[in-house]
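Structure first, commentary second.
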Amino acid sequence: MIFGIGVIVYNPNVQVLERIKKYHQLTKYVIIFDNSENITNINKRIEAVSDKYYFRAENIGMSGALNQIFKVSIEINLDILLTMDQDSEFDKEEIKKMLYYISKSKEKNIAIFCPNYRKLYKDTYGNPVPGKFSIAQKENKNVSFSMTSGSFMKVSLLEQLLPLSDLFIGYVDHEVCYKLVENNKRILMVGNIFFDQEVGELVNNNLFNRFFRVIHHKKIRYAYMFRNNMYLSDVYKNNKQLRNKLRINRIRLLINILVGENKKIEKIKGCLMGMKLYREGKYGKIEEME
């Protein structure tokens with residue numbers, strides 16, 4: 001089994017460089033797509049340790065970067081591609097456990113193997129504190145969605161995903177998963193393989209934030225999420241299950257703003273801007289908002 005890791009970086013720091021060095025201990029096939037607009041010393045050091053490094057001097061978003069990483073993984077004949085964002089930590093032993101699990105799997109229609117995610121919160125000192133796992137640690141479960149970061153993808157099935165829509169960021173991982181689900185492929189979450197997930201800015205570890213699953217995002221991120229959610233709702237309008245999931249996600253975003261965010265009016269305006277862009281058919285990168 002030929003295994004590779006694809007990483008999207010943007011204005012990386014030394015910690016990102018060290019993570020990439022660790023990935024090279026697992027495989028020689030590490031594909032880096034650098035979305036930075038400018039080259040710094042850290043970018044140069046990442047390029048120096050990477051056989052497959054791509055830099056465009058512009059930010060083409062998660063969708064554009066994944067298109068490139070998927071194409072390269074097909075060209076170099078990988079069997080399994082692990083996709084990662086630059087800020088996530090995936091323990092080396094957990095990665096090895098997943099590769100062993102995949103090597104023993106006999107099921108042909110599993111397109112993505114994903115770990116058992118748990119959200120990170122922060123304690124009173126700002127240190128990360130993990131929440132509950134998504135599923136019981138003793139079970140494996142078919143799911144309709146997994147985060148792109150931490151997903152192990154069968155490269156033989158990636159070509160049917162290309163090209164991804166120009167969503168830039170926000171719901172790009174949903175499109176990946178939904179395209180596969182529509183083609184009767186499975187996404188399997190493996191309960192005893194763990195991954196700590198950071199979404200947006202870390203929020204305080206308290207019952208209120210856990211109960212409401214509070215996340216913190218900037219106004220422009222809400223614009224991306226609302227625009228792209230509505231786009232996918234249109235694409236999958238004939239799939240009742242996926243359409244309902246997307247509608248529930250929009251409601252959750254609004255509840256999150258109302259109960260968990262500061263600058264509520266500003267962020268509601270971000271959602272309205274996303275709706276406007278969807279109606280106008282404007283995709284890709286959104287210019288910075290007032």
Side-chain angles (χ1 to χ4, degrees), residues 3-27 29-36 42-43 46 49-50 52-53 59 61-66 68-70 73 80-99 101-102 112-123 126-135 143 145-153 168-177 187 189-203 205 213 215-218 221 224-225:
F3 165 65
I5 302 174
V7 189
I8 302 171
V9 303
Y10 177 72
N11 297 338
N13 55 26
V14 175
Q15 286 73 29
V16 175
L17 172 63
E18 293 305 314
R19 289 188 188 106
I20 290 169
K21 287 180 179 178
K22 290 178 184 177
Y23 296 147
H24 280 281
Q25 296 171 10
L26 292 164
T27 175
Y29 301 106
V30 180
I31 306 165
I32 307 296
F33 195 94
D34 193 333
N35 261 332
S36 308
I42 295 296
N43 298 82
I46 289 174
V49 301
S50 305
K52 300 291 182 181
Y53 175 87
N59 185 356
M62 180 179 174
S63 53
L66 282 179
Q68 180 67 37
I69 289 172
F70 288 171
S73 67
I80 296 293
L81 173 71
L82 165 63
T83 46
M84 294 292 300
D85 65 38
Q86 67 176 15
D87 296 324
S88 296
E89 290 279 1
F90 202 165
D91 186 84
K92 188 162 64 174
E93 295 308 311
E94 297 298 302
I95 293 174
K96 290 179 180 179
K97 281 168 59 179
M98 182 68 89
L99 290 174
Y101 182 91
I102 293 170
I112 296 177
F113 297 81
C114 68
N116 195 355
Y117 294 99
R118 56 182 178 178
K119 180 174 167 53
L120 289 177
Y121 298 88
K122 64 179 179 181
D123 63 19
N127 300 313
V129 179
K132 290 183 178 180
F133 285 111
S134 299
I135 62 174
V143 295
F145 170 76
S146 70
M147 300 277 291
T148 303
S149 187
S151 285
F152 294 73
M153 304 182 179
F168 198 76
I169 56 171
Y171 282 86
V172 177
D173 37 15
H174 287 76
E175 182 183 27
V176 169
C177 294
I187 302 168
M189 182 173 286
V190 183
N192 69 344
I193 297 173
F194 312 135
F195 186 94
D196 290 334
Q197 164 194 354
E198 183 175 334
V199 179
E201 301 172 13
L202 287 183
V203 301
N205 178 36
R213 290 185 279 181
I215 53 177
H216 290 329
H217 285 303
K218 295 178 180 178
R221 189 59 181 260
Y224 278 115
M225 290 191 293

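Quick note: numbers below take in every heavy atom, side chains included, and nothing from hydrogens, waters or symmetry partners. Counting begins at 1 with the first residue of the sequence.
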Which heavy-atom pair separates [X] from [Y] by the least distance, and what is that distance?
| X | Y | result |
| --- | --- | --- |
| S134 | M189 | CB-SD, 3.8 Å |
| E94 | I193 | OE1-CA, 3.3 Å |
| S63 | V172 | CA-CG1, 3.9 Å |
| S73 | L81 | OG-CD2, 4.0 Å |
| I112 | C177 | CD1-SG, 4.4 Å |

Say you draw a straight line from [atom1] of [X] to [atom2] of [Y]; how long is it, rounded to the nearest 0.5 Å?
| X | Y | atom1 | atom2 | value |
| --- | --- | --- | --- | --- |
| I20 | K22 | CD1 | NZ | 12.0 Å |
| M84 | I69 | CE | CD1 | 11.5 Å |
| F33 | Y10 | CZ | OH | 13.0 Å |
| D85 | M62 | CG | CE | 8.0 Å |
| R19 | Q86 | CZ | CD | 8.0 Å |
| I8 | T148 | CD1 | OG1 | 7.5 Å |

Side-chain heavy atoms of [X] within contact of [Y], under 4.5 Å:
| X | Y | value |
| --- | --- | --- |
| K132 | R118 | no |
| S149 | F195 | yes |
| I46 | I32 | yes |
| Y101 | N192 | no |
| Y23 | V7 | yes |
| N59 | F168 | yes |
| P12 | L17 | no |
| F152 | I102 | yes |

Under the criterion ring pair (Phe, Tyr, Trp, His ring centres under 6.0 Å), I'd like the reasoning laid out for Y29 against F3: C-alpha separation, chi angles, the key distance, then a yes or no. CA-CA 7 Å; Y29 301 106; F3 165 65; 9.3 Å; no

Using the side-chain contact (heavy atoms from CB on, under 4.5 Å) rule, take V190 and N116 through it: C-alpha gap first, then chi angles, then the decisive distance, then the call. CA-CA 6 Å; V190 183; N116 195 355; over 6 Å; no

Hey, does the Lys NZ or Arg CZ of K92 hover above the aromatic six-ring of F90, less than 6.0 Å from the centre and inside 45° of the axis?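 No cation-pi geometry.
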
Give a yes or no on whether the backbone of L120 and the side-chain of D196 come within a donor-acceptor separation of less than 3.5 Å.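 Absent.
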
Would the distance check show the side chain of H24 and the main-chain N or O of V30 forming a donor-acceptor pair, the cut-off being under 3.5 Å?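 Not a single qualifying donor-acceptor pair exists.
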
Would you find more than 12 non-hydrogen atoms of other residues, nucleotides or ligands less than 6.0 Å from K97 atom NZ?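 Yes - once you tally the heavy atoms of other residues, nucleotides and ligands closer than 6.0 Å, there are more than 12.
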
Modelled atom types, side-chain donor and acceptor of D34 and N43, under 3.5 Å: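 Checked: D34/N43 side chains pair up, N/O donor to acceptor below 3.5 Å.
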
Taking it one step at a time, do L26 and K96 satisfy side-chain contact (heavy atoms from CB on, under 4.5 Å)? CA-CA 8 Å; L26 292 164; K96 290 179 180 179; 3.9 Å; yes

Given the rule in the side-chain contact (heavy atoms from CB on, under 4.5 Å) test, do V176 and M153 qualify, once you have shown the distances and angles that lead to the verdict? CA-CA 10 Å; V176 169; M153 304 182 179; 4.1 Å; yes

May I ask you to decide if the ring planes of F145 and H174 are parallel, tilted or perpendicular, using 30° and 60° as cut-offs?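 Geometry flag for H174 against F145: parallel rings.
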
Between F133 and Y117, does the ring centre distance come in under 6.0 Å?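 No, the ring centres sit 6.0 Å or more apart.
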
Show your working on side-chain contact (heavy atoms from CB on, under 4.5 Å) between S151 and L82 and close with a plain yes or no. CA-CA 6 Å; S151 285; L82 165 63; 5.8 Å; no

